[in-house]
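See structure below.
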Amino acid sequence: MNPLSEQEIIRREKLGKLREMGINPYPAALYPVDNTSTSIKADFKEGKQVNVAGRLMSRRIAGAASFAELQDSDGRIQVYFNRDEICPGDDKSQYNDVYKKLLDIGDIIGIEGELFKTQVGEMTIMVKKFTLLTKALKPLPLPKVDAEGKVHDGFVDPEMRYRQRYADLVVNPQVKEVFVKRTKLFNAMRNFFNEREYFEVETPILQPIPGGAAARPFITHHNSLDIPLYMRIANELYLKRLIVGGFDGVYEFSKNFRNEGMDRTHNPEFTAMEIYVAYKDYNWMMDFTERLLEHCAVAVNGETNSQFGEQTIEWKAPYPRITMRQSIIDFTGFDIDGKSEAELYAFAKAEGIDVDATMGKGKLIDEIFGEKCEGNYIQPTFITDYPKEMSPLCKAHRDNPELTERFELMVCGKEIANAYSELNDPIDQRERLKRKLH
RNA sequence: GAUCUGGUAGCUCAGUUGGCAGAGCAUCUCCCUUUUAAGGAGAGGGUCCUGGGUUCGAGCCCCCAGCCAGAUCACCA
């Protein structure tokens, strides 16, 4: 264990002094919270009695009076500690010793008090009584926001922020918003599916053969069976089996595990949502997808658009549908229709795309699209009708056997969804997978 | 996995030609009864990522080794 810093030693000494005074720094009893920072501001009444709890985030002590900020799960509220209010009798130790000397920024306290507005009009709680609920033993990073809204001493080191997510959440309020929106998004998707009577399921995470995608798996071991098991890379095959078994629509939020390189947009464990519906095709799925996303945008943001970096994305359905062939014509002038592998290779080379002789037609087209087209689609756009070689689990196109009934949805130059008219001809399926192995 | 960039106080960062390790905030002591990046006076706090090399002397130098992170690329989604 690392030696304690000066500040950690001081906080432990304070812990001892609190106990000597008969104050339990980690009391077991519930604290009767009846308001939050937000509820107080929404329904402010001078003189109203409130009980709140939260983390002490800043203090401005001026002798016998002091302002502090309390942060709860909703936000922050200013609190006012006044010696004579807290200690009406002769014993001033609750203010002079406990509050001023033994509390620290980061401690969690409960406050019983009365609402008032300060001379500059800020909504504030006049503290009548406070209770230490949890003593913090480590100093908290302490960003401060000035009058112009500029953050000073921000907690910005990415390593520290990711490894100590709890500290990041305490100190950088916008991080909490990401968590909240993610859950709202998941709830919105569930509601949309459940209203249509699609059925949420859970399928195996430990699989004897990892399938449904092309990625290296994590491997683990089952002791009593003495067999290797793999963490799933996709849930696709199990969902299809449920359709085979007689469910008309099934979906799952699947945590998948892929043993590949990682960066800010690729986590070794990530969540995908997959839904399978019987008797439909990929045209139906495009209609369904754009309605789903519009529904989710409204549920999460209250409007059909959302902000991603500099871009404003409009989620209102419908979205343009462009075939892969047309997309490549649009951005390069080159028509891939009927071209041989050699012609595709020559074109890619001439465009400066990094291709090699091992790539088949499908891979070459994928490279051309990825390099020249994909990044241009900022607003939601369906790209349809992928070459057969790229899509071994997808039905051949009803009008052109060289293509498949597949689409991907592009947003902000990235793929966010992928769907097929699922291949259900078992003999064709076997032939295609066999060909892919060679 | 490759390349580039970085790692100095609890947090954010500066650090000159290689010559006693710095600032703001935080912490500690004192003053201050409506403040708000509160203010005033004083004090303490360091494995300069780790290990090696060069040098009288290294935070600084090394086509040096390692650890960690970020960005870009590869793989993947």
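In what follows, chains carry the letters A, B, and so on, assigned in the order in which the sequence lines appear, proteins first and then strands, with residues in each chain numbered from 1. What's counted below: heavy atoms across the whole structure, side chains too, no hydrogens, waters or symmetry copies.
- Here, B:U27 and B:G18 have their P atoms 38 Å apart, quoted to the whole Å.
- A straight line from CD of A:Gln7 to P of B:A26 spans 11 Å, rounded to a whole angstrom.
- Between A:Leu142 and A:Glu415, the residue anchored closer to the 5' end of RNA chain B is A:Leu142, taking for each the nucleotide with the nearest heavy atom.
- Map A:Met160 and A:Met126 each onto its nearest nucleotide of RNA chain B; the residue landing nearer the 5' end is A:Met160.
- Of the candidates B:G10, B:A38, B:U35, B:G10 carries the atom nearest the A:Pro139 side chain, counting heavy atoms from C-beta on.
- Across B:C62 and B:G22, the matching P atoms stand 25 Å from one another, rounded to whole Å.
- The gap from the P atom of B:C49 to that of B:U16 amounts to 14 Å, rounded to the nearest Å.
- Base pairing analysis places B:G46 opposite nothing; no Watson-Crick or G-U wobble pair with both distances below 3.5 Å involves it.
- Rounded to an integer number of Å, the gap from NZ of A:Lys14 to P of B:A26 is 13 Å.
- The side-chain heavy atoms of A:Leu206 and A:Thr220, taken from C-beta on, include a pair separated by under 4.5 Å.
- B:C73 and B:A14 have their P atoms separated by 27 Å, with the value rounded to a whole Å.
- For A:Lys395 (side chain) and A:Asp281 (main-chain N/O), no donor-acceptor pair under 3.5 Å exists by modelled atom type.
- When the P atom of B:U36 is taken as reference, atom NZ of A:Lys144 falls 12 Å away, rounded to whole Å.
- For the pair A:Glu408 CD and B:C76 P, the interatomic distance rounds to 14 Å; values are reported in whole Å.
- Taking the P atoms as reference points, B:C25 lies 36 Å from B:C68, given to the whole Å.
- Nucleic acid contact class of A:Glu69 (heavy atoms, under 4.0 Å, all strands): none.
- Remark: B:U29 base-pairs with B:A41. Criterion, Watson-Crick or G-U wobble with two distances under 3.5 Å.
- A:Val156 comes within 4.0 angstrom of sugar-phosphate atoms only, judged by non-hydrogen atoms across all strands, and of no base.
- Contact annotation for A:Ile61: base contact, defined as any heavy-atom pair under 4.0 Å involving a base atom.
- Annotation: A:Phe270 is not in aromatic contact with A:Phe257 [ring centroid separation under 6.0 Å not met].
- Comparing B:U27, B:C32, B:A77 by their closest approach to the side chain of A:Ala62 singles out B:C32.
- Of the candidates B:C75, B:A77, B:U27, B:U27 carries the atom nearest the A:Asp104 side chain, counting heavy atoms from C-beta on.
- Between A:Tyr420 and A:Tyr386, the distance separating the two ring centers is not shorter than 6.0 angstrom.
- Distance from the side chain of A:Asp84 is smallest to B:U33 among B:U27, B:U33, B:A37.
- Listed nucleotides B:C76, B:C30, B:A37 differ in distance to A:Glu260; the shortest reach to its side chain belongs to B:C76.
- Rounded to a whole Å, the CG atom of A:Asp356 is 13 Å from the C1' atom of B:A74.
- Both distances falling under 3.5 Å, in either a Watson-Crick or a G-U wobble arrangement, place B:U12 opposite B:A23.
- The listed nucleotides are B:C11, B:U33, B:C75; the one nearest the side chain of A:Arg216 is B:C75.
- Protein atom CG of A:Asp153 is 14 Å distant from nucleotide atom P of B:A37, rounded to whole Å.
- A:Tyr95 and A:Phe81 have their aromatic ring centers separated by at least 6.0 angstrom.
- Across every strand in view, B:G51 sits in a pair with B:C64 that passes the Watson-Crick or G-U test at under 3.5 angstrom.
- A 3.5 Å limit on both hydrogen-bonding distances identifies no Watson-Crick or G-U partner for B:U17.
- Using a 4.0 Å heavy-atom distance criterion, A:Asp354 is classed as making no nucleic acid contact.
- Contact annotation for A:Asp157: backbone-only contact, meaning every heavy-atom pair under 4.0 Å involves sugar-phosphate atoms and none involves a base.
- Here A:Phe331 and A:Phe369 keep their ring centres 6.0 angstrom or further from each other.
- Distance from the side chain of A:Ile10 is smallest to B:U27 among B:G70, B:U27, B:C30.
- Proximity note for A:Thr118 (side chain, C-beta onward) versus B:A38, B:U36, B:C28: the nearest is B:U36.
- If you check distances only, the side chain of A:Glu122 never reaches the base of B:U34 with a donor-acceptor pair under 3.5 Å.
- For the pair A:Lys138 NZ and B:U27 C1', the computed distance is 15 Å after rounding to whole Å.
- Contact annotation: A:Arg60 does not reach the phosphate of B:U35 (side-chain N/O to OP1 or OP2, under 4.0 Å).
- Nucleotides B:C32 and B:G10 place their P atoms 32 Å apart, quoted to the nearest Å.
- As rounded to the nearest Å, B:C48 and B:C60 have P atoms that lie 10 Å from one another.
- Rounding to whole angstrom units, CZ of residue A:Phe253 and C1' of B:A77 are separated by 17 Å.
- If you check B:A37, B:A77, B:A26 against the side chain of A:His266, the one that comes closest is B:A77.
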TODO: Please step through side-chain contact (heavy atoms from CB on, under 4.5 Å) for the pair A:Tyr251 and A:Tyr276, ending with a clear verdict.
DONE: CA-CA 6 Å; A:Tyr251 72 93; A:Tyr276 288 78; over 6 Å; no

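- A salt bridge is absent between A:Glu46 and A:Lys117; no separation between the charged side-chain nitrogens and carboxylate oxygens falls under 4.0 Å.
- Counting any heavy atom pair closer than 4.0 Å across all strands shown, A:Gly154 reaches sugar-phosphate atoms only and no base atom.
- Taking atom C1' in both B:C13 and B:C20, the straight-line distance is 22 Å, to the nearest Å.
- Relative to the side chain of A:Ala213, the nucleotides B:G70, B:A26, B:A77 differ in distance, and B:A77 lies closest.
- Using N1 to N3 plus N6-O4 or O6-N4 for Watson-Crick, or N1-O2 and O6-N3 for G-U wobble, each under 3.5 Å, B:C73 pairs with B:G1.
- For A:Lys128, the NZ atom sits in a packed shell: over 12 heavy atoms of surrounding residues, nucleotides or ligands are nearer than 6.0 Å.
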